[in-house]
S.K.: 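Supplied in structure tokens, the structure appears directly below.
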Amino acid sequence: NSEELLDLLKKQRRLIVYSTGAYGWYSDPKARPTPKTVNTLDHKFAESDLARYLNIFEGLKIAKGGLKSIEVVGGEGQNRFLIKCVFPEKLAEMALGYSKIMRPPSPEERKEIKKIFYQIMAPGYEIEVAQAIKNGVNLMQGGNYIGMPKKSGFTLWLDYVNNVLGGFGMHGGFKKITLKTSGGKEKNYAIIIIGDSGHGKSTLSFSDYGISDLTTLFGGDDMVAIIPNGNGFRVVGLETLGLYLKVVGISALNEPFTYEGAMGSDVILENVPTDNKGNPRFETESKAILGTTNHRAVVPLRHFTRGFPPALDIELDDNTELIIMLLTRAPEHPGIVMHENPEYATAFFGALPSEVTSAIKADAVEGETRLTCGADEFTPGPKSDKLLRLYEVLKKLGPKAKVISVNTGKWYKLEETEILIKLFLEENIEWGELKAFPGRKFAKDSRMKFDDRFCSHFGELSVRQKAKLREIGATKEVIEVL
């Protein structure tokens with residue numbers, strides 16, 4: 001269990017002890033992007049790949065101290081699954097981080113749960129991940145970055161959701177909100193927040209948006225899925241114990257809630273330097289010390305649920321609307337756009353304009369942008385199949401599903417975005433339409449000029465998005481539909 005792992009690392013003196021009582025370490029910078037990840041869906045297995053697999057097993061044979069294992073549970077209810085993780089003492093840090101994100105199973109659960117995945121970690125100088133997706137197995141070598149087992153383990157779950165349960169898995173935060181209307185009635189929302197790392201996904205997932213007549217049940221901030229439920233759908237998540245957060249630049253002023261959680265004594269910190277008193281330093285300037293701003297914290301889920309159980313399973317019933325919020329930082333994107341047409345909404349999701357951060361690319365340049373498929377690069381297999389599934393979900397839900405895209409870096413600061421969401425939920429945004437872009441509504445904003453120049457830039461973005469859809473393997477039929 002996690003306490004035994006902690007004791008093992010303490011004995012080996014491999015942990016940093018912070019003044020807050022938290023423990024942590026500096027991970028191998030090469031492990032963050034994990035450039036040598038291959039899986040048996042996107043990468044056809046060749047004879048030359050055999051060396052990769054055998055090399056990992058050779059690493060297991062020579063592991064000092066033998067092999068250890070932990071078991072963790074993801075999801076809740078009928079959507080639970082078990083991950084069995086095998087590792088050598090040398091990679092105990094990764095196992096400790098993992099054990100703080102998902103809880104251990106009870107003896108009864110171990111008998112009940114049918115779906116089991118396997119994570120096998122081996123020591124080595126090379127850092128790589130080889131995934132046998134359909135077998136539910138991940139093989140990892142080298143590195144001590146928590147993101148390696150987390151991302152690759154969640155990939156197995158996403159494939160299971162997409163190809164076995166017939167659902168639609170995403171990399172995003174989610175929550176359930178109950179809002180009292182002016183007439184005194186209650187209205188429920190399942191909100192899914194999609195965005196690249198560093199775009200405010202976690203912060204906006206935690207927020208109550210300053211609405212007084214609101215109950216918010218936090219779900220998660222990493223992986224979420226929409227799965228079929230009879231004639232309807234459910235929104236489900238998988239983090240059952242803690243959250244793996246990016247904490248660079250946070251403070252008691254700009255992100256007080258996240259900062260309070262990261263300063264707790266029962267937190268695991270990764271790549272977070274200290275000052276001369278042993279206090280954690282979350283400043284952006286610390287890149288000069290460690291060569292990275294990918295500072296992370298595993299914070300207990302209970303800090304964010306405010307005493308309520310997490311909303312890991314939300315039924316989209318007659319009284320619950322679905323809102324998918326896409327976070328972007330593209331300079332040509334206006335403040336907030338509502339994509340009423342399911343074709344345009346799905347196409348925008350399939351080629352979401354984002355800013356490249358250090359969590360995505362170690363040597364990211366400020367202002368560098370990219371188009372990414374719903375900020376979800378963890379899902380193996382053809383992205384175009386997944387997009388059509390989202391399209392079918394939006395089409396079936398009709399007006400009960402809304403998709404909006406918000407510029408959280410170029411036009412609005414995060415605190416302004418929280419106000420925007422409040423206005424959106426209270427239906428206090430004034431919308432306008434442009435003939436050049438049917439099926440979409442633009443929030444009227446005195447700072448924006450919706451003139452020919454804007455139409456030209458937004459139109460150019462649409463052209464690039466169409467090219468991106470082709471690049472991710474969308475067939476001619478898919479592009480025509482979207």
Side-chain angles (χ1 to χ4, degrees), residues 1-6 67-87 91-121 131 133 135-138 140 146-165 167 169-176 205 217-227 229 234-245 266-268 298-305 308-315 378-379:
N1 60 40
S2 59
E3 293 307 313
E4 289 173 314
L5 286 167
L6 198 55
L67 299 176
K68 303 188 181 299
S69 68
I70 58 168
E71 293 180 346
V72 293
V73 173
E76 288 293 349
Q78 62 184 14
N79 300 303
R80 287 173 300 173
F81 60 93
L82 188 72
I83 296 183
K84 293 190 175 186
C85 184
V86 177
F87 61 96
L91 299 178
E93 294 99 329
M94 288 202 295
L96 175 62
Y98 215 38
S99 70
K100 294 285 188 179
I101 294 172
M102 288 184 281
R103 61 179 175 79
S106 67
E108 295 76 22
E109 281 182 311
R110 194 178 280 111
K111 295 174 186 175
E112 293 170 1
I113 296 174
K114 305 295 183 207
K115 191 61 194 174
I116 300 175
F117 300 121
Y118 297 88
Q119 293 266 49
I120 300 171
M121 305 175 187
Q131 300 172 310
I133 300 293
N135 304 83
V137 176
N138 278 326
M140 287 165 286
I146 298 173
M148 279 179 66
K150 188 215 73 167
K151 286 190 293 186
S152 53
F154 290 0
T155 294
L156 297 178
W157 178 76
L158 286 170
D159 177 72
Y160 177 68
V161 163
N162 292 344
N163 298 314
V164 178
L165 301 182
M170 294 163 278
H171 174 209
F174 72 105
K175 65 199 304 179
K176 182 179 181 180
S205 297
L217 294 177
F218 176 71
D221 91 316
D222 212 325
M223 295 289 166
V224 58
I226 302 170
I227 61 172
N229 178 45
R234 306 184 82 85
V235 174
V236 301
L238 76 166
E239 296 152 296
T240 53
L241 195 60
L243 303 179
Y244 185 55
L245 307 176
D266 51 357
V267 168
I268 297 293
V298 181
V299 181
L301 188 57
R302 65 178 179 272
H303 173 73
F304 301 99
T305 56
F308 295 99
L312 290 176
D313 193 341
I314 307 168
E315 184 179 357
F378 305 132
T379 307

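We're numbering straight along the sequence, starting at 1.
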S.K.: Assess whether side chain to side chain contact (heavy atoms under 4.5 Å, CB included) is satisfied between Y160 and I133, documenting all intermediate values.
M.R.: CA-CA 9 Å; Y160 177 68; I133 300 293; over 6 Å; no

S.K.: Test N138 against I120 for side chain to side chain contact (heavy atoms under 4.5 Å, CB included), laying out the working first.
M.R.: CA-CA 6 Å; N138 278 326; I120 300 171; over 6 Å; no

S.K.: Using 30° and 60° as the class limits, which term best fits the ring planes of F304 and F218: parallel, tilted or perpendicular?
M.R.: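 Geometry flag for F218 against F304: tilted rings.
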
S.K.: Which value, rounded to the nearest 0.5 Å, describes the distance between M170 atom CE and N162 atom CG?
M.R.: 9.0 Å

S.K.: Do M223 and E239 come close enough that some side-chain heavy atom pair is under 4.5 Å?
M.R.: no

S.K.: Using every non-hydrogen atom in the two residues, find where V267 and P300 come nearest and quote the distance to one decimal.
M.R.: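 Taking V267 first and P300 second, the nearest heavy atoms are CG2-CD, 4.2 Å.
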
S.K.: Looking at every heavy atom in both H303 and V299, which two are closest together, and how far apart are they?
M.R.: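 So the two residues come closest at CB-CG1, 4.2 Å.
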
S.K.: Kindly indicate, with the supporting measurements, whether the criterion side chain to side chain contact (heavy atoms under 4.5 Å, CB included) is fulfilled by Y118 and N135.
M.R.: CA-CA 9 Å; Y118 297 88; N135 304 83; over 6 Å; no

S.K.: Distance check, rounded to the nearest 0.5 Å: L156 atom CG versus K151 atom NZ?
M.R.: 14.0 Å

S.K.: Tell me which one of M148, M140, K150, M94 satisfies side chain to side chain contact (heavy atoms under 4.5 Å, CB included) with Q119.
M.R.: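 Considering M148, M140, K150, M94, a side chain to side chain contact (heavy atoms under 4.5 Å, CB included) with Q119 is found only for M140.
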
S.K.: Side-chain contact, heavy-atom cut-off 4.5 Å: I101 with I146?
M.R.: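 A side-chain contact under 4.5 Å exists here.
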
S.K.: Answer yes or no: is there a side-chain heavy-atom contact under 4.5 Å between T240 and L301?
M.R.: no

S.K.: What's the separation between atom OG in S106 and atom NZ in K111, rounded to the nearest 0.5 Å?
M.R.: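 Answer rounded to 0.5 Å: 9.5 Å.
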
S.K.: Measuring from atom CG of L165 to atom CD1 of I226, what distance do you get when rounded to the nearest 0.5 angstrom?
M.R.: 13.5 Å

S.K.: Restricting to non-hydrogen atoms, name the atom on V224 and the atom on W157 that form the minimum distance, rounded to 0.1 Å.
M.R.: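 Reported closest heavy-atom pair: C-CH2, 4.1 Å.
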
S.K.: Do side-chain atoms of D313 reach the backbone of R234 as a donor and acceptor pair under 3.5 angstrom?
M.R.: no

S.K.: For P310 and G219, work out which heavy atoms get closest and say how close.
M.R.: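 Here P310 and G219 meet closest at CB-O, 4.5 Å.
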
S.K.: Return the minimal non-hydrogen interatomic distance between G173 and S205, and the atom names on each side.
M.R.: CA-OG, 3.4 Å

S.K.: How many angstroms lie between CZ in F117 and CG in D159, if you round to the nearest 0.5 Å?
M.R.: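 Here the rounded value is 8.0 Å.
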
S.K.: CG/L158 to CG/L238 distance, rounded to the nearest 0.5 angstrom?
M.R.: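 Reported value, rounded in 0.5 Å steps: 8.0 Å.
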
S.K.: Can you list everything that forms a salt bridge (charged side-chain N to carboxylate O under 4.0 Å, His left out) with K176? Sequence neighbours excluded, please.
M.R.: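 Per chain and number, K176 pairs via salt bridge (charged side-chain N to carboxylate O under 4.0 Å, His left out) with no residue.
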
S.K.: Could you check whether any side-chain heavy atom of Y98 comes within less than 4.5 Å of a side-chain heavy atom of L5, counting everything from C-beta outward?
M.R.: no

S.K.: Using residues 73-86 as the side-chain source, report each donor-acceptor pair under 3.5 Å to any protein atom, sequence neighbours left out, with the distance given to one decimal.
M.R.:
from	atom 1	to	atom 2	distance (Å)
R80	NE	G77	O	2.9
R80	NH1	E109	OE2	3.1
R80	NH2	E112	OE1	3.2

S.K.: Give the minimum heavy-atom separation between S2 and S99, together with the two atoms involved.
M.R.: CB-OG, 3.2 Å

